[in-house]
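Comments concern the structure below.
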Amino acid sequence: MSAIMWCATLVCISALVTCVSTAGILYPRESESREVKSLDGMWNFRLSLPDPLVGFKERWYMKDLSKTGPVLQMPVPSSYNDVMVDKKIRDHVGLVWYDKSFFAPESWRQQGYRVFLRFGSVNYAAQVWVNTHLVLNHEIGHLPFQRDITANLKFGRLNRITVAVDNVLLATTVPQGSLQNISTNTGPKTIQTYTFDFFNYAGIHRSVFLYTTPVVYIDDVDVTTNYTEDSVGLINYKIQYGGSLSSGETLNCSITVLNNENVREKFTVITDDEEGLSGIIKIENAKLWWPYLMHEEPGYMYTLEIRLSTTWNVDDVYRLPVGIRTIKWTNTAFLINNKPAYLRGFGRHEDSDIRGKGMDYALVTRDYDLIKWIGANSYRTSHYPYAEEIMDFADRHGIMIVDECPSVDTDNFSDKLLKKHTTSLAELIKRDKNRPSVIMWSIANEPRSHHKEADSYFKSVAIFVKTLDVLRPITAAIATELDTDLLGQHLDIIGFNRYNAWYTLPGHTEIIQSRIEDEAAKWHAKHNKPVFMTEYGADSYAGLHMSPSFVWSEEYQVELMSEHFKAFDTLRTKNFFIGEMIWNFADFKTEQTVTRVGGNKKGVFTRQREPKSSAYHLRKRYWALANQLD
Ligand code: GCB
């Protein structure tokens with residue numbers, strides 16, 4: 001199979017990728033006017049073999065997948081290339097096909113509902129048919145996409161959804177990859193290669209929902225929050241509706257505020273327009289959203305109950321969780337509710353045995369329990385947006401999120417890539433803009449930012465993000481050397497990744513303290529901006545003990561951390577250093593390489609979420625820091 005052929009596969013899938021849409025992408029929530037039906041469960045599944053385009057050539061979307069040949073049953077959500085033991089599936093490069101039948105109740109038609117089909121994430125590119133009609137194209141994994149499919153449904157009968165998923169990564173995808181042709185004893189073969197250090201999991205990774213709305217419906221809501229000195233919480237809101245009003249029909253929007261016990265709050269609304277689509281809500285004696293351990297009641301969330309009434313249609317009701325807090329940053333500090341915050345956190349991955357990146361509530365619950373057990377208050381969604389269900393936990397537990405787009409290891413700075421990169425940020429910001437937990441937008445991880453094209457490329461990315469959100473700072477995780485980096489100048493807050501005594505001079509933990517102190521100070525001196533460490537760490541093989549400490553042992557990981565802690569303690573006295581995020585929360589799978597033993601082992605927890613010695617060590621530090629600072 002030639003590379004051209006593979007490219008054709010992807011182009012075929014992504015040809016209809018449209019510009020950034022202005023429509024909303026609110027998370028589906030049940031209400032008096034909305035039903036939500038999950039399509040999670042077992043789906044039919046087939047690899048597109050032997051010819052990657054066979055599914056298109058034979059038009060598999062026109063019939064039941066099971067009628068096209070032998071199918072497997074694949075769980076959704078999950079990564080198909082982690083679930084099965086067949087190596088052919090794990091290593092498959094190119095298209096796979098899914099389909100599922102579902103029932104669309106006749107009552108939906110009778111009530112005049114619109115029906116939306118929504119995917120939380122399909123990695124990497126997806127094309128979706130409903131009853132043979134092409135309804136959706138989406139490129140870039142980790143982000144939701146949806147469409148009103150009412151016109152394509154058969155009510156009172158079974159319907160079929162078919163999804164083609166393409167996991168190929170190229171120079172113009174986000175993240176990037178390339179294909180390589182190799183010869184094997186069974187003939188030529190194309191393999192996917194990439195530079196990033198996590199497994200290229202693929203499939204339908206998050207929940208698939210059908211949800212209904214009235215004909216005129218709440219399409220999007222924008223909120224920003226503030227508060228006055230006399231404890232009045234202020235919520236600026238703006239509502240966008242979808243659907244069109246008939247001639248002579250009027251519309252009215254009303255809001256109720258509920259506290260976290262679902263009891264109506266004392267509030268007033270001052271609307272900007274006759275319809276009540278935008279305005280300001282004032283809540284007396286408001287409780288602020290605080291990060292974990294900065295307050296005895298972290299993650300306090302109100303609910304905005306939004307009711308959209310029209311003359312002739314059914315009212316639409318949507319309940320949006322909202323936390324009231326402010327974010328500010330100066331040349332030296334990051335402040336939440338006007339109080340300087342120090343980030344005690346992690347880099348993480350959506351990764352676990354068997355399900356891959358498949359969203360799993362049990363795992364998410366365990367992870368947040370561990371995050372709180374260890375005394376952390378933050379993490380970076382390295383290296384892509386995490387599931388909305390995961391972000392909900394962050395809101396509710398008061399965990400601060402550095403929200404990252406899927407740009408990893410960027411080494412070409414073409415206009416085509418820039419467009420996709422900014423599209424990923426637009427979709428991310430649209431999805432997460434209302435979340436109090438999101439404190440920064442991370443626009444990249446470790447781009448080759450010494451290339452001269454990186455300057456104008458990242459200038460454009462930063463300007464683009466500011467057109468969408470001026471209230472949160474922009475950051476990135478920089479690995480380029482300080483002297484040659486061209487990205488830092490475009491950020492509000494500098495994040496830097498360094499692996500002293502690991503990739504650089506392994507075994508020599510004595511280099512760490514002075515190097516980190518020196519480098520962090522230089523980043524600040526160069527840009528006059530707050531600085532935090534977005535990655536440092538060492539692999540350790542759980543259960544490997546060596547005395548004196550030796551690379552890969554639990555002891556070495558602990559020792560390396562201790563040396564960083566010394567540097568961080570000095571830096572904290574210098575007044576520009578705003579946080580530390582160890583790499584990584586838990587061990588995770590990577591592509592096969594001889595530098596990884598069953599994956600990356602820099603976790604302080606194993607993949608099964610059991611603590612290594614480093615977890616206890618970090619716990620001691622994070623709790624001590626919390627007690628000093630909060
Ligand atoms: C990095 C990358 C991260 C890797 C890590 C490592 O700099 O940002 O994706 O996993 O190093 O462990 O090598």
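Start at 1 and go down the list; that is how both ligands and their atoms are numbered. Just so you know, residue 1 is the first one in the sequence shown, and it goes up from there.
Taking the side-chain hydrogen bond (donor to acceptor under 3.5 Å, both in side chains) definition, one finds that Lys372 meets it with His397, sequence neighbours left out. Under the side chain to side chain contact (heavy atoms under 4.5 Å, CB included) criterion, Asp91 pairs with Lys87, not counting sequence neighbours.
Under the 4.0 angstrom criterion for non-hydrogen atoms, Trp502 is not in contact with ligand 1. Residue Tyr499 places a heavy atom less than 4.0 Å from ligand 1. The shortest separation from a heavy atom of His349 to ligand 1 is not under 4.0 Å, leaving the residue out of contact. Look at Phe198 and you'll find every heavy atom at least 4.0 Å from all atoms of ligand 1.
With respect to atom 13 (O) of ligand 1, the closest heavy atom belonging to the protein is Tyr503 OH, 2.4 Å. In this structure, atom 4 (C) of ligand 1 lies nearest to the protein heavy atom Asp197 OD2, 3.2 Å.
For the pair Arg572 and Tyr342, the cation sits on the ring face: its NZ or CZ lies under 6.0 Å from the ring centre, inside 45° of the axis.
Ligand-side atoms of ligand 1 in range of Asn497: 8 (O), range being under 4.0 angstrom from any heavy atom. Annotation for ligand 1: atoms under 4.0 Å from non-hydrogen atoms of His383 are 3 (C), 8 (O), 9 (O).
The local environment of OH in Tyr361 is crowded, with over 12 non-hydrogen atoms from other residues, nucleotides or ligands closer than 6.0 Å. Residue-environment remark: OH (Tyr541) stays at or below the threshold of 12 foreign heavy atoms within 6.0 Å. Taking a 6.0 Å sphere around CG of Leu335, one finds it holds more than 12 heavy atoms contributed by other residues, nucleotides or ligands.
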> Would His451 and Phe413 count as a ring pair (Phe, Tyr, Trp, His ring centres under 6.0 Å) if you check the C-alpha gap in whole Å, the side-chain angles of each, and the deciding distance to 0.1 Å?
Replying inline: CA-CA 9 Å; His451 287 202; Phe413 298 94; 5.7 Å; yes
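Proximity of Asn600 to ligand 1, defined as any heavy-atom pair under 4.0 Å, is confined to the side chain (atoms from C-beta onward). Looking at Phe588 against ligand 1, only its side chain comes within 4.0 Å, counting heavy atoms. Counting heavy atoms under 4.0 Å from ligand 1, residue Asn445 touches it through the side chain alone.
Closest to atom 8 (O) of ligand 1 by heavy atom, among Lys602, Glu535, Arg498, is Glu535. The heavy atom nearest to atom 7 (O) of ligand 1, considering only Lys601, Arg596, Arg380, Glu446, is found in Glu446.
The aromatic ring centres of Tyr384 and His349 sit less than 6.0 Å apart. The ring of Tyr536 has its center closer than 6.0 angstrom to the ring center of Phe568.
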